[in-house]
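Here is the structure we will look at.
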Amino acid sequence: MKAAVFHSPGNITCDTVEDPRILDENDIILRVTSTAICGSDLHMYSGGIPQARPMVMGHEFMGIVEETGKNISHLKAGDRVVVPFPIACGSCFFCQHDLPTACEHSNPDYYGPEGGIFKEKGGALFGYTDLYGGYDGGQAQYVRVPYANFGPRKVPENLSDEQVLFLTDIFPTGYTGVMWGELKGGETVAVFGAGPVGTMATKSAVLHNASKVIVIDTLQYRLDRIKMLTGCETILWEDAESTIEHIRDMTDGRGADLCIEAVGFEPERSFIDRAKAVLNFEKGSVKVLEACMSAVRRGGIVSVLGVYPVNYDNFRLGQIFDKGITLKAGQCNVHPIIDKLMDYVVTGKITLNDVITHRLSLDEVSKGYEIFDKKEDGCVKVVLDPWKLTGF
């Protein structure tokens, strides 16, 4: 089959690899019909999260069941399904407590309670390094889906792939940031980052009747697009201080009720920022998270959706304590909420596919990663078709 294979930072190519096989009676083999490039994939692409061996990329995918293991009873060949990005058994303590990203069984080589940098990680994720299970991902023509009695969800026939594809990750992730904010209606929400997850968080805040949604980004074209899609207010980030003051000016000096961090550890940085990270043995920067903690009101909530893979020096614990901030963070637990989110799509309460800016064939994956990473050609979200190959 053809698949997008990570070889080294900056080097992801469409290769011919072996077809996946059923390895466990709870597996299915999926013929992938749609897949997408996620911002988290760029962490491997940039080298920000290490991976030594080649790996098939991708954790946003859906398709048609091709083959089932002996224990699979609710799915059959020909069923069309969408697959949550965490890999979870469904039966362990954490899965039973709606925390599938902490699954005790899916990542046996690196799992543990500590949450370390290179050991004792959480549950497995598709196509996201050996630290998270080493499972090949779905930027491919076929993929093996473990624990298929728990993860995949059937898709209504009247919905297209693009209408439901983002139930895999970016919609549940954006929605979780708002869910953590405990909105009751009428609040001010500030979303830092106008990429795919920030867009979905903004849509979710509107869905929850926030009275004002402010989106912050460094790129005007992304702000223009998200304003067109959602009607939100926007701030072009020039520096943290002016951005924070602008948010306070828009909220009677208090700050936002909820700040959602949808950028992560690799924001745009100056030479000084980069030098500081090297001196402190840190990956990237926490400057966007720090801006969220300043921009949120006293007693407010900060939802951290962006990935932070290491520890950081001079973290503002004193500010968190003095302001009484509630900080919530982590990988999105898709399984407990995906059915509710599917209903939002089915009933037309939310539209997901308008975030797509580029549709490419799988053998154009190198181009897709490049324009997504460099934010070229107005790129916000890239969807790949595994079967319309241009170069083979």
Problem set entry | Test side-chain contact (heavy atoms from CB on, under 4.5 Å) applied to His59 and Ser40, step by step | CA-CA 9 Å; His59 55 266; Ser40 298; 3.8 Å; yes

Exercise. Salt bridge or not for Arg298 and Asp322, using N-O below 4.0 Å?
Worked result: yes

For this session: Return yes when atom CD of Glu18 has more than 12 non-hydrogen atoms of other residues, nucleotides or ligands closer than 6.0 Å, and no otherwise.
Result: no

Exercise. Does atom NZ of Lys328 have more than 12 heavy-atom neighbours from other groups under 6.0 Å away?
Worked result: yes

For this session: Enter the distance from Glu261:CD to Ile216:CD1 here, rounded to the nearest 0.5 Å.
Result: 11.0 Å

For this session: Would you check if Val355 and Lys381 make a side-chain contact, meaning some heavy-atom pair closer than 4.5 Å?
Result: yes

For this session: Answer yes or no: is there a donor N or O on one side and an acceptor on the other, between the side chain of Asp24 and the main chain of Asn26, under 3.5 Å?
Result: yes

Exercise. When rounded to the nearest 0.5 angstrom, what distance separates OH in Tyr110 from CD in Glu120?
Worked result: 12.5 Å

Exercise. With no hydrogens and no angle check, is any side-chain donor or acceptor of Lys121 less than 3.5 Å from a backbone partner on Gly116?
Worked result: yes

Exercise. Of the non-hydrogen atoms in Pro9 and Gly47, which two are nearest, and what is the gap between them?
Worked result: CG-CA, 3.7 Å

For this session: State, without any angle test, whether Arg316 and Ser294 hold a side-chain donor-acceptor pair at a distance under 3.5 Å.
Result: yes

Problem set entry | Flag side-chain contact, heavy atom, 4.5 Å: Pro156 against Met342 | yes

Exercise. How many angstroms lie between CG in Leu236 and OG1 in Thr234, if you round to the nearest 0.5 Å?
Worked result: 8.0 Å

Exercise. Under 3.5 Å, is there a donor-acceptor pair between the side chain of Lys227 and the main chain of Val215?
Worked result: no

Exercise. Would you say the side-chain atoms of His246 pair up with the backbone N or O of Ser242, donor to acceptor, closer than 3.5 Å?
Worked result: no

Exercise. Considering all heavy atoms of both residues, which atom of Val213 and which atom of Ala205 are nearest to each other, and what is their separation?
Worked result: CG2-CB, 3.9 Å

For this session: Give a yes or no on whether Val380 and Val191 share a hydrophobic cluster (residues Ile, Leu, Val, Met, Phe, Trp, Tyr; joining criterion: side-chain heavy atoms under 4.5 Å apart).
Result: yes

Problem set entry | Any side-chain heavy-atom pair of Ser303 and Val178 under 4.5 Å | no

For this session: Show the numbers, then the answer: is there a ring-ring contact (aromatic ring centres under 6.0 Å, His included) between His43 and Phe265?
Result: CA-CA 9 Å; His43 302 151; Phe265 75 107; 5.0 Å; yes

Exercise. Any chance the side chains of Thr351 and Asp354 put a donor and an acceptor closer than 3.5 Å?
Worked result: no

Problem set entry | Atom CZ of Arg53 with >12 non-hydrogen neighbours under 6.0 angstrom | yes

Exercise. Can you check whether Leu362's main-chain N or O pairs, donor with acceptor, with Glu364's side chain at less than 3.5 Å?
Worked result: no

For this session: Using distance alone, with no hydrogens and no angle criterion, decide if Thr173 and Asp169 have a side-chain donor and acceptor under 3.5 Å apart.
Result: yes

Exercise. Honestly curious: do Val307 and Tyr369 fall in one hydrophobic cluster under the side-chain, below-4.5 Å linking rule?
Worked result: yes

For this session: In sequence, state the C-alpha distance, the side-chain angles, and the governing distance for Gln139 and Asp41, and then conclude on side-chain hydrogen bond (donor to acceptor under 3.5 Å, both in side chains).
Result: CA-CA 11 Å; Gln139 288 172 11; Asp41 295 329; 3.2 Å; yes

Exercise. If you look at every heavy atom in Pro386 and Thr33, which pair is closest and at what distance?
Worked result: CD-O, 3.6 Å

Exercise. When you measure from the side chain of Tyr221 to the backbone N and O of Cys379, does any donor-acceptor pair fall under 3.5 Å?
Worked result: yes

Problem set entry | Residues Lys76 and Asp79 bridged, charged N to O under 4.0 Å | yes

Problem set entry | Closest contact, heavy atoms only, Ala194 versus Asp217 | N-OD1, 2.8 Å

Exercise. Would Val32 and Met62 show up in the same hydrophobic cluster when neighbours are defined by side-chain heavy atoms closer than 4.5 Å?
Worked result: no

Exercise. Is the His335 to Phe85 ring centre distance short of 6.0 Å?
Worked result: no

Problem set entry | Heavy-atom side-chain proximity of Asp136 to Val143 below 4.5 angstrom | no

Problem set entry | Backbone N/O of Gly133 and side chain of Asn107: donor-acceptor pair under 3.5 Å | yes

Problem set entry | Distance-only side-chain donor-acceptor flag, Lys340 / Tyr175, under 3.5 Å | yes

For this session: Verify the distance criterion only: is there a donor paired with an acceptor across the side chains of His7 and Thr13 at less than 3.5 Å?
Result: yes

Problem set entry | Derivation and outcome, side-chain contact (heavy atoms from CB on, under 4.5 Å), residues Val65 and Leu30 | CA-CA 5 Å; Val65 177; Leu30 197 68; 4.2 Å; yes

For this session: Could you give me the CA-CA distance, side-chain angles and deciding distance for Ile235 and Ile247, then say whether side-chain contact (heavy atoms from CB on, under 4.5 Å) is met?
Result: CA-CA 9 Å; Ile235 298 173; Ile247 293 170; 3.7 Å; yes

For this session: Please tell me if the side chains of Ile37 and Met57 come closer than 4.5 Å, counting only heavy atoms from C-beta onward.
Result: no

Exercise. Under the 3.5 angstrom rule, does the side chain of Lys212 hit a backbone N or O of Met250 as a donor-acceptor pair?
Worked result: yes

Exercise. How long is the gap from CG on Leu384 to CD on Glu60, to the nearest 0.5 Å?
Worked result: 10.5 Å

Exercise. Thr16 and Lys2: side-chain donor and acceptor closer than 3.5 Å?
Worked result: yes

Problem set entry | Passing option when Phe61 is tested against Phe126, Phe166, Tyr142 for ring pair (Phe, Tyr, Trp, His ring centres under 6.0 Å) | Phe126

For this session: Report whether Ile244 and Leu223 are members of the same hydrophobic cluster (ILVMFWY, side-chain heavy atoms less than 4.5 Å apart, transitive linking).
Result: no

Exercise. So, Ser34 and Glu162: side-chain donor and acceptor under 3.5 Å apart, yes or no?
Worked result: no

Exercise. Is the gap between the ring centers of His105 and Tyr111 under 6.0 Å?
Worked result: no

Problem set entry | Basic-acidic side-chain contact under 4.0 Å: Arg248, Glu245 | yes

Problem set entry | Plane angle bin for Phe192 and Trp237 - parallel if under 30°, tilted between 30 and 60°, otherwise perpendicular | perpendicular

Problem set entry | Hydrophobic cluster membership, Val304 vs Ile49, 4.5 Å side-chain cutoff | yes

Exercise. Any sub-3.5 Å donor-acceptor pair from Gln51's side-chain atoms to Asp130's backbone N or O?
Worked result: yes

Exercise. Between Asp385 and Ser361, is any side-chain donor less than 3.5 angstrom from a side-chain acceptor?
Worked result: no

Exercise. Looking at CD1 of Ile87 and SG of Cys103, how far apart are the two atoms once the value is rounded to the nearest 0.5 Å?
Worked result: 9.5 Å

For this session: Work out which heavy atom in Arg225 is nearest to a heavy atom in Ile356; give both atom names and the distance.
Result: NH2-O, 3.3 Å

For this session: Measure the acute angle between the ring planes of Tyr132 and Tyr128, then classify it against the limits of 30° and 60° as parallel, tilted or perpendicular.
Result: tilted

For this session: Working to the nearest 0.5 Å, report the span between CG of Asp257 and CD1 of Ile301.
Result: 9.0 Å

Seminar exercise, completed: Correct closest heavy-atom pair for Met55 and Thr129 would be SD-N, 3.4 Å

